[in-house]
Number of protein chains: 2
Amino acid sequence: MKGEALVILLVEDNEDHAELVKRQFEVQRIANRIIHVGDGEEALDYLFRRGQYTDDEEYPLPNLILLDLRLPKMDGLSVLSEIKKSEQLRVIPTVVLTSSESEKDIKSAYINYVNSFLVKPIDFSKFAALMDELGMYWLGWNTNPYK
Amino acid sequence: MKGEALVILLVEDNEDHAELVKRQFEVQRIANRIIHVGDGEEALDYLFRRGQYTDDEEYPLPNLILLDLRLPKMDGLSVLSEIKKSEQLRVIPTVVLTSSESEKDIKSAYINYVNSFLVKPIDFSKFAALMDELGMYWLGWNTNPYK
C-alpha cells in the first residue's frame, strides 16, 4: 500500500486527550486520517471489520494503532493481546499511549508484544513534541507491510 | 533501572555500517555504551549470557537491540524469534535495521513480533538523521521495563 493514505486508529476514551492527539496530527500533516474509537470492543470491531465496520474501503486497516490502557468495555491490554494473536493484525505497529507508569502495565504490554510503550507527558509542549516524534517515526521511518 | 547507563546491543556483520552507527550515537550522546557483535550466534550468547558473556555486571542486558537480517552463523529473523520466545528478553525493544526492503522479510519480522523495522537509507545524511531519530525515540520517549 506504499504511497496510499496513512491512517491511524486512535483508541482513547478521554475526549480531551483524543482531541489533543487529533489536533497535533493535523498540524503535523503526516497522517491523512485519524479514526477515533472510544472503547476496547469498538477497537476490535473496527480491526476485525464487525458491526458497522464491514466496508473495507470506508474503514481501511490502519498503518498505526495508538492504544490507551484504561478503556471501557475491554481494557487496552486485552485489545493488544487480540491484535497480536491475529497474524493479519500483528503486522500493524501498536503503540500504547497511556498515563500509567505502572511497572506491571509496562511489563504486561511487552509480554503481549506491544511495539512501543509511551507515557503521556502532562506538560502540553512535551505532549505536542511526542506526537510529532511518534508520527515521524512510525509513519515516516518505520516500515510495515501495510506501508 | 531508571537513571542507569543506556546500553545498545548492535548486531551487525558489516564493519562499515557498525562504525557509522557507533559514531552517530557517540555524536548524539544518548546511549552510554554500544556493544557490537558480528553474528547471530554471538548475539544470542550475549543475551542469554553464555560463553564469554556470563558476567552480568560487565555485560548488562541492553535497553535496545539493533538487529541486521543478513548475518553469519544465524540469520536475524532466527535471532529475533529466539528473543521474542523468551519472556525475559521479549521486553527489550528489538528493531530490525537492514538494507532489505523485501516484503517477505518485512512480513516475517512482524510475524516474529519485531518492535520496529527500519530500512537503512543509502544517503549518509539520511542515515545520520535516522540514527538521531531512533536514539531519541527508543532511548528517550519509549518506556520499557529495563529503563
Side-chain angles (χ1 to χ4, degrees), chain A residues 1-2 61 63-65 69 80-81 83-121 126-147, chain B residues 1-2 61 63-65 69 80-81 83-121 126-147:
Chain A
M1 304 214 301
K2 278 189 170 62
L61 282 183
N63 303 92
L64 175 67
I65 300 168
L69 288 184
L80 174 65
S81 164
I83 290 170
K84 294 305 181 184
K85 271 185 213 154
S86 154
E87 289 213 355
Q88 199 201 359
L89 299 179
R90 190 184 302 164
V91 304
I92 304 170
T94 303
V95 176
V96 162
L97 183 62
T98 175
S99 309
S100 167
E101 294 189 73
S102 124
E103 287 290 322
K104 191 165 164 263
D105 283 340
I106 297 169
K107 189 160 183 211
S108 301
Y110 279 94
I111 292 299
N112 282 291
Y113 305 104
V114 76
N115 291 81
S116 167
F117 191 106
L118 299 172
V119 178
K120 289 174 189 167
K126 275 197 186 159
F127 190 92
L130 174 58
M131 289 306 105
D132 284 357
E133 195 76 38
L134 90 83
M136 288 247 290
Y137 185 86
W138 290 104
L139 300 177
W141 292 109
N142 188 70
T143 298
N144 77 59
Y146 293 134
K147 202 189 118 209
Chain B
M1 304 215 301
K2 279 188 169 62
L61 282 182
N63 303 91
L64 176 65
I65 300 168
L69 288 185
L80 174 64
S81 163
I83 291 170
K84 294 304 182 184
K85 271 184 213 154
S86 154
E87 289 213 355
Q88 198 202 358
L89 299 179
R90 190 184 302 164
V91 303
I92 305 170
T94 303
V95 176
V96 162
L97 182 63
T98 175
S99 308
S100 167
E101 294 189 71
S102 126
E103 286 292 321
K104 192 167 163 259
D105 283 340
I106 297 169
K107 190 160 182 213
S108 301
Y110 280 94
I111 291 300
N112 282 292
Y113 304 104
V114 76
N115 290 80
S116 167
F117 191 106
L118 300 172
V119 177
K120 290 175 189 167
K126 275 197 186 159
F127 190 91
L130 174 58
M131 289 306 105
D132 284 357
E133 195 76 37
L134 91 81
M136 288 246 292
Y137 185 86
W138 290 105
L139 300 178
W141 291 109
N142 187 70
T143 298
N144 76 59
Y146 292 135
K147 204 187 117 208

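Chain letters run A, B, ... following the sequence lines, proteins first, then strands; residues in each count from 1. Any value given below was found using the heavy atoms of this structure, including those in side chains, with hydrogens, waters and symmetry copies removed. Being a predicted model, the structure only gives us computed values, none of them experimental.
A:R90 contributes atom CZ, which lies 3.5 Å from atom OH of B:Y113 (distance to the nearest 0.5 angstrom).
A donor-acceptor pair under 3.5 Å is formed between the side chain of B:N115 and the backbone N or O of A:V114.
If you tally non-hydrogen atom pairs under 4.5 Å between each of B:V119, B:L130, B:V91, B:L134 and chain A, the highest count goes to B:L130. If you tally non-hydrogen atom pairs under 4.5 Å between each of A:K126, A:E87, A:K107, A:M136 and chain B, the highest count goes to A:E87.
Contact annotation: the side chain of A:T143 never approaches that of B:E101 to less than 4.5 Å [non-hydrogen atoms, C-beta and beyond]. A heavy-atom distance below 4.5 Å is found between the side chains of B:W138 and A:S116. Side-chain contact between B:P121 and A:W141 is present, with heavy atoms from C-beta onward closer than 4.5 Å.
Only the side chain of B:V95 has a heavy atom closer than 4.5 Å to any heavy atom of chain A. Neither the backbone nor the side chain of A:A109 comes within contact range of chain B, judged by heavy atoms closer than 4.5 Å.
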Verdict with reasoning, A:Y110 to B:N144, per side chain to side chain contact (heavy atoms under 4.5 Å, CB included): CA-CA 8 Å; A:Y110 279 94; B:N144 76 59; 3.5 Å; yes
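Using cut-offs of 30° and 60° for the angle between ring planes, the B:Y137 and A:Y137 rings count as parallel.
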